[in-house]
Amino acid sequence: MAESGFAAIQRSQIEITIGELLLSSDYYMRESIVERLRHMIAHADPSLDISKLSEAAREELVEVGLLPEQ
């Protein structure tokens with residue numbers, strides 16, 4: 001299934017949120033951002049293609065336990 005326009009926007013939002021995570025050094029802020037990411041991924045459009053995320057974004061999602069290792 002091709003990724004919808006809505007899913008592409010959601011993917012962009014996930015990338016931006018991962019950028020926030022990378023810039024944050026406070027433990028509690030990072031936990032809050034990880035929870036936001038968990039929510040975004042759980043409620044994303046079914047056509048969202050995780051493989052289209054940047055490599056750095058996928059690595060960060062693996063590191064925080066939101067994406068299985070590949």
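For this chain, numbers begin at 1 and follow the sequence in order. Atom set for the values below is all heavy atoms of this structure, side chains included, hydrogens, waters and symmetry mates excluded. The structure presented is a predicted model; accordingly, all values stated were derived computationally and were not measured.
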Nearest heavy-atom pair of [X] and [Y]: which atoms, and what distance?
X   : Y   : value
E15 : A57 : OE1-CB, 3.6 Å
S47 : A7  : OG-CB, 3.5 Å
D49 : E3  : N-OE2, 3.0 Å
P68 : V62 : O-CG2, 3.8 Å

Could you go through the salt bridge (Lys or Arg N to Asp or Glu O under 4.0 Å) check for R38 and E35 one step at a time? CA-CA 5 Å; R38 182 175 285 118; E35 282 303 312; 2.3 Å; yes
First locate atom [atom1] of [X], then atom [atom2] of [Y], and finally report the distance between them rounded to the nearest 0.5 Å.
X   : Y   : atom1 : atom2 : result
S51 : R11 : OG    : CZ    : 8.5 Å
I18 : L61 : CD1   : CG    : 4.0 Å
L53 : E60 : CG    : CD    : 12.0 Å
H39 : T17 : NE2   : OG1   : 11.0 Å
I33 : M40 : CD1   : CE    : 11.0 Å
E59 : E69 : CD    : CD    : 10.5 Å

Please say yes or no: joined through hydrophobic side-chain contacts below 4.5 Å, possibly via intermediate residues, are M29 and L37 part of one cluster?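 Shared cluster, no.
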Under a single-linkage definition using a 4.5 Å side-chain heavy-atom cutoff for Ile, Leu, Val, Met, Phe, Trp and Tyr, are L22 and L66 assigned to the same hydrophobic cluster?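 In one cluster with L22: L66, yes.
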Do we see a donor-acceptor contact under 3.5 Å between the side chains of S24 and D26? no
